[in-house]
Structures are given as structure tokens and as C-alpha cells.
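Protein chains get the first letters and strands the later ones, always in sequence-line order, with residue 1 at the start of each.
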There are 2 protein chains.
Amino acid sequence: MDLTIAEENYLKAIYHLSEGGKKSVSTNDIAGEIQTKPASVSDMLRRLSDKHVIQYKKYYGLQITESGKQLALQTIRKHRLWEVFLVDKLQFAWDEVHEVAEQLEHIQSSLLIQRLDAFLNYPKFDPHGDPIPDEYGDVRSRPRIPLNEMNIDQVGQIVAVKDSSAAFLRYLDKVGAYIGARIKVLDKVEFDGSVEILVDQKKTLFMSKDVASNILVLQS
Amino acid sequence: MDLTIAEENYLKAIYHLSEGGKKSVSTNDIAGEIQTKPASVSDMLRRLSDKHVIQYKKYYGLQITESGKQLALQTIRKHRLWEVFLVDKLQFAWDEVHEVAEQLEHIQSSLLIQRLDAFLNYPKFDPHGDPIPDEYGDVRSRPRIPLNEMNIDQVGQIVAVKDSSAAFLRYLDKVGAYIGARIKVLDKVEFDGSVEILVDQKKTLFMSKDVASNILVLQS
DNA sequence: AAATTAAATTAGATATATCTAAAAAAAATG
DNA sequence: CATTTTTTTTAGATATATCTAATTTAATTT
Ligand SMILES: [Mn+2]
Ligand SMILES: [Mn+2]
Ligand SMILES: [Mn+2]
Ligand SMILES: [Mn+2]
């Protein structure tokens with residue numbers, strides 16, 4: 001039994017909300033993530049439950065099932081592979097890919113995804129540093145921490161961003177913070193949590209705690 | 001006002017039927033093309049008319065409008081560009097692309113199509129020899145005739161196929177008839193319309209009138 | 001021209017997906 | 001623990017898209 005496009009989008013949102021360490025996912029959380037109304041979510045939860053991709057008892061919260069998790073991971077795999085395609089092959093900027101990938105992720109063809117994966121040389125991460133699940137749903141995630149949680153003098157490499165909004169990504173482009181950049185924490189301001197970092201041993205950069213918390217670093 | 005996926009599919013079918021038969025397109029014809037019921041077509045015709053992509057007076061037939069034609073051509077452009085992508089870049093066989101392109105043609109992003117076109121080196125024809133409309137909807141079609149209408153001793157080049165079904169395309173693969181092949185008509189059987197041709201000055205091939213009528217040739 | 005047949009449309013049903021407003025249940029508060 | 005607030009669900013409406021069965025209109029035949 002296949003999922004509709006709307007069902008795939010809901011399931012993906014539920015998976016993302018579940019991953020964030022959150023124990024139970026609320027109807028309002030889902031509504032916020034999908035940009036829809038709680039009433040629509042309640043309706044959809046019943047349908048997802050009927051298809052056994054979530055366990056759901058009304059008013060008691062929900063849990064994604066193993067089969068639901070696998071389906072969500074396949075949609076995420078497709079989304080991220082398409083993002084790599086758009087950036088690597090079609091010269092899209094990393095802040096331009098999301099909307100298009102949101103559509104492409106729903107194309108149904110296992111052959112297509114196999115071939116696309118090979119064509120892209122089996123990438124392990126998308127343009128935002130997020131890991132690409134393999135065809136069995138396995139994710140090789142790297143240990144990474146928000147930049148604002150690093151201490152002075154610690155060094156590492158920017159490997160991902162938490163926020164993939166165009167506004168944030170364009171800001172990073174402007175200041176010269178990119179995935180793969182080697183950084184060192186030069187200073188942290190106690191008062192507001194802002195940080196000063198050295199990028200590629202050349203350039204110093206000041207950023208607010210808000211910005212730093214959306215940059216994920218692999219420490220070394 | 002954008003079209004839905006269903007509306008795009010109907011409009012594309014109407015365009016194809018208008019191009020072929022020329023005269024008026026019937027509700028039953030559309031139902032046959034789209035694999036749906038006449039009742040559903042009547043319903044859709046009213047909606048397409050509301051969106052001014054066809055002119056429609058019930059029981060009196062329909063005509064595609066200029067804006068409808070442009071929209072259909074853009075969908076066809078996307079369909080054929082994706083087919084080229086699948087064959088040239090992802091090693092799909094020409095009989096494997098249709099279903100996937102049928103989905104990909106509905107992805108909405110003008111930047112995507114511009115970039116895809118460039119990435120593929122601005123192809124003029126799809127894997128089945130059909131011309132790819134440019135971004136303004138202009139189609140540069142070559143004069144071509146069905147193979148069964150050629151006379152003995154005439155020569156030419158296979159440039160397209162009328163039938164794009166997997167069964168037909170796999171048959172052509174098997175006998176070695178491909179787009180670009182140079183052919184010469186060696187013999188025609190009056191009785192059943194079957195023909196004997198020479199392919200690439202090497203191989204002789206017998207084919208029924210039915211097969212020959214689905215192979216389009218550019219005479220030389 | 002009347003009767004018959006074919007084509008097209010409408011009526012009414014079902015399924016998906018969404019919304020607003022109202023009701024019900026759970027959680028928070030004093 | 002009773003009351004208030006928040007969250008969640010349901011009721012009822014709208015829009016898309018499809019179907020079967022009935023009806024209407026057009027076309028064909030006698
Ligand atoms: Mn999506
Ligand atoms: Mn991404
Ligand atoms: Mn289609
Ligand atoms: Mn084609």
C-alpha cells in the first residue's frame with residue numbers, strides 16, 4: 001500500500017520531530033512543521049494509523065512504526081540525493097534547492113534513485129551536510145556539536161547546518177562560512193553567547209549565539 | 001492561475017489529439033488517451049474551460065486556446081528533456097523512460113528546466129525522435145513519413161517512432177532498428193503491405209505494415 | 001420523419017485533503 | 001480539587017478527481 005504525497009510529507013515531518021530527541025510528538029508540533037492546521041493533522045494521523053506507519057491512540061500521542069521509519073528514510077534519501085544533483089550537476093546554490101527537492105522526493109521509481117545515486121558517485125552527505133540514508137535506510141551520521149557549545153581554542157570543521165532556510169544560507173555565503181571550512185574558536189562572550197572564530201587560519205568572524213547554534217561542527 | 005497535475009495531463013492529451021487528427025477532439029478520444037471514463041472527461045472539460053485553456057461548449061466539441069497550447073508545449077518540453085536526461089545521463093533504455101517522465105514533467109521550477117536543458121546541451125529531440133519545444137514553445141519538426149509509405153529503392157534515415165510503448169521499442173532493439181539508422185527500401189509486398197529494408201548497408205530486415213507504419217523516416 | 005443507436009453530460013457516490021468553528025479531553029493553575 | 005487554559009478531536013463545509021448509472025443530446029438508420 002503506497003503513500004500519497006501528503007502522507008509522505010506528514011510522515012517525514014513526524015520522523016524529523018521524533019529524531020530531535022523528542023519523546024512524544026504533538027499534533028501542534030506537526031501542524032507547525034507542515035504549515036497546516038491541527039484539525040488537518042488529526043485527520044491525517046487517523047489515516048497514517050490505518051496504514052500502520054504510525055501507532056496512534058487519540059489524545060494519547062503517537063509513535064512512528066518501524067515500517068513508517070523506513071518509508072520516511074527513503075523519502076529523505078530521495079530528497080537529499082536530488083539536492084546533491086541540483087547543486088553538483090545543475091549549479092544550484094545551496095539555498096535554492098529545498099523547494100524543488102520537496103517536489104522531486106515524491107517521484108516514484110526505484111531504478112531512478114539507484115541510477116541517480118550512482119551518477120552522483122554515491123554521496124554520503126547533502127549540500128547542507130545532512131547524511132544521506134542508504135537504500136536500506138542506514139544513516140552514517142557524524143558526531144557533531146553546535147558551534148556555540150565549543151570552548152575557546154577548540155578546533156574543528158563545519159560539517160552541517162541546522163537551519164536550511166535561504167536567508168540563513170545566504171548569510172553564511174556572505175560571511176564566508178561554508179561546509180568543510182576549518183575553524184578555531186578564538187573568543188566567546190559570556191554576556192550574549194556570541195562567538196569569534198578563525199576560518200581557515202585566515203579570516204576572523206563574529207557571530208551571534210543564534211547563528212552559531214545553527215552551525216554544526218565536527219571537532220578535531 | 002496554475003494547473004493541477006490532472007489538468008496538465010488532460011491538456012497534454014488534448015494537444016496531442018488536436019495535432020494528430022486535426023479535426024475536433026471528442027470526449028471519448030480523450031477518455032481513451034488518458035485511460036479514464038467519459039464522465040470524468042466532461043467534468044474536466046468544464047474546469048479547463050473555466051481556466052481558459054480550452055474553448056468549450058457542451059455537446060459542441062472543444063478547441064485548445066493559444067494559452068492552453070503554450071502550457072501543453074511546456075509540459076511536453078519538460079517530459080522530453082527528462083527523457084533525454086534519463087537515457088543520456090542515467091543509462092535508462094528508451095523503453096523505460098516514459099512512466100518516470102510522466103511524473104517528472106509536473107515538477108514546477110523554471111530554473112530547473114533551464115539548467116537541465118543546458119546540462120543536456122540543448123537537445124533538439126528526445127530518445128524517441130520527438131522534437132523538444134524551446135522555452136517559447138517553438139517546435140522545429142523535421143519532415144518525416146511512415147516507413148510503409150516509402151517506395152522501393154528510396155533511401156532515408158530513421159528519425160522517430162510513432163508508438164513509444166515498451167513492447168514496440170524492445171522489438172526494434174531486438175531487430176536492430178534504431179534512431180539514426182540509414183535505410184533503403186528493398187521490397188514491398190502488395191498483399192499485406194509488409195516491407196523489406198536494408199539497414200546501414202549491411203543487414204536486411206522484414207517487417208509488417210503495422211511495424212513499418214510506426215517508424216518515421218527522413219527521406220534523402 | 002420517426003425510431004434507434006451512439007456520444008456526451010449530469011446526478012449522485014466515494015476518496016483525498018484542507019479549512020473554520022464547536023466540542024471534548026488533557027494539562028495547568030490557584 | 002475545582003476552574004481555567006491549552007490541546008486535540010470532531011462536525012460540517014469546500015475543492016479536486018474519479019467512478020457508475022441515469023439522462024439528455026446528437027447522429028444514424030430505416
Ligand atoms: Mn515534499
Ligand atoms: Mn538538505
Ligand atoms: Mn503526467
Ligand atoms: Mn518521448
Side-chain angles (χ1 to χ4, degrees), chain A residues 1-14 17-18 20 22-64 68 71-72 75 102-103 105-108, chain B residues 1-14 17-18 20-21 23-64 68 71-72 75 102-103 105-108:
Chain A
M1 205 195 333
D2 270 353
L3 300 183
T4 66
I5 290 176
E7 287 166 348
E8 280 187 358
N9 284 333
Y10 273 93
L11 193 59
K12 197 161 59 105
I14 290 167
L17 290 168
S18 307
K22 281 247 183 175
K23 46 248 161 214
S24 74
V25 181
S26 79
T27 299
N28 277 344
D29 286 345
I30 298 169
E33 182 90 356
I34 302 259
Q35 310 253 69
T36 187
K37 294 291 177 294
S40 307
V41 176
S42 283
D43 223 58
M44 183 57 89
L45 292 182
R46 193 180 34 70
R47 286 201 294 267
L48 292 176
S49 186
D50 289 346
K51 293 195 174 182
H52 306 104
V53 293
I54 62 169
Q55 265 194 307
Y56 172 59
K57 229 177 141 180
K58 51 189 192 183
Y59 293 113
Y60 272 74
L62 64 103
Q63 212 183 332
I64 194 164
L71 288 171
T75 305
E102 205 57 45
Q103 298 177 62
E105 70 188 359
H106 304 292
I107 303 291
Q108 287 181 33
Chain B
M1 205 197 329
D2 268 352
L3 299 183
T4 66
I5 289 176
E7 287 166 349
E8 280 188 356
N9 284 333
Y10 273 93
L11 193 59
K12 197 162 58 105
I14 290 166
L17 290 168
S18 306
K23 53 218 173 276
S24 74
V25 181
S26 77
T27 300
N28 277 343
D29 286 345
I30 298 168
E33 182 90 356
I34 301 258
Q35 310 252 67
T36 186
K37 294 291 177 292
S40 306
V41 176
S42 283
D43 223 60
M44 183 57 90
L45 292 181
R46 193 182 31 72
R47 286 200 294 266
L48 291 176
S49 185
D50 289 346
K51 293 195 174 181
H52 306 104
V53 293
I54 62 170
Q55 265 194 309
Y56 171 60
K57 228 176 143 181
K58 50 189 191 182
Y59 294 110
Y60 272 75
L62 64 102
Q63 212 183 333
I64 194 165
L71 288 171
T75 305
E102 205 56 45
Q103 298 177 61
E105 72 188 0
H106 304 292
I107 302 292
Q108 288 181 32

Checklist entry - Counting only side-chain N and O atoms of B/K58, is one of them less than 4.0 Å from OP1 or OP2 of D/dT24? => result no
In a table with atom names and distances, give each donor-acceptor pair under 3.5 Å that connects a side chain of residues 27-36 of chain B to protein atoms at least two apart or in another chain.
{"unit_1": "B/D29", "atom_1": "OD1", "unit_2": "B/S26", "atom_2": "OG", "d": "3.3"}
{"unit_1": "B/D29", "atom_1": "OD2", "unit_2": "B/S26", "atom_2": "OG", "d": "3.2"}

Checklist outcome for this item: B/E105 meets the side chain to side chain donor-acceptor pair (under 3.5 Å) criterion, sequence neighbours left out, with B/K12, B/H79
Checklist entry - Got a second to check how far B/Q63's CD is from B/K57's NZ, nearest 0.5 Å? => result 13.5 Å
Could you list the protein-to-nucleotides 27-29 of chain D atom pairs, N/O on both sides, closer than 3.5 Å?
none

Next on the checklist: D/dT7, OP1 or OP2 - any side-chain N/O from A/Y60 closer than 4.0 Å?
Outcome noted: no
Checklist entry - About how many Å separate CD of B/Q103 and CD1 of A/I107, when rounded to the nearest 0.5 Å? => result 5.0 Å
Checklist entry - A/Y56 OH to D/dT7 C1': how many Å, rounded? => result 11 Å
Checklist entry - Once each nucleotide of nucleotides 13-18 of chain D is scored for protein heavy atoms under 4.0 Å, what B/S/- sequence comes out, 5' to 3'? => result ---SSB
Checklist entry - Tell me, do A/L3 and A/L11 make a side-chain contact under 4.5 Å, heavy atoms counted? => result yes
Item to check | Between D/dT5 (P) and A/N28 (CG): distance, integer Å | outcome: 18 Å
Next on the checklist: Mind checking if A/T27 touches a base, just sugar-phosphate, or nothing, with heavy atoms under 4.0 Å?
Outcome noted: sugar-phosphate
Checklist entry - Nearest-Å distance, CZ (B/R46) to P (C/dT10)? => result 8 Å
Checklist entry - Between C/dA8 atom P and B/K57 atom NZ, what is the distance in whole Å? => result 17 Å
Item to check | Heavy-atom closest pair, residues B/S42 and B/Y56 | outcome: O-OH, 4.4 Å
Could I get a table of every N or O pair under 3.5 Å where one atom is in the protein and the other is in nucleotides 3-5 of chain C?
none

Can you give each donor-acceptor pair under 3.5 Å made by side-chain atoms of residues 45-54 of chain B, sequence neighbours left out, with the distance rounded to 0.1 Å?
{"unit_1": "B/R47", "atom_1": "NH1", "unit_2": "B/D43", "atom_2": "OD2", "d": "3.3"}
{"unit_1": "B/K51", "atom_1": "NZ", "unit_2": "B/D2", "atom_2": "O", "d": "3.0"}
{"unit_1": "B/K51", "atom_1": "NZ", "unit_2": "B/E7", "atom_2": "OE1", "d": "2.9"}
{"unit_1": "B/K51", "atom_1": "NZ", "unit_2": "B/E7", "atom_2": "OE2", "d": "3.4"}
{"unit_1": "B/H52", "atom_1": "ND1", "unit_2": "B/D50", "atom_2": "O", "d": "3.4"}

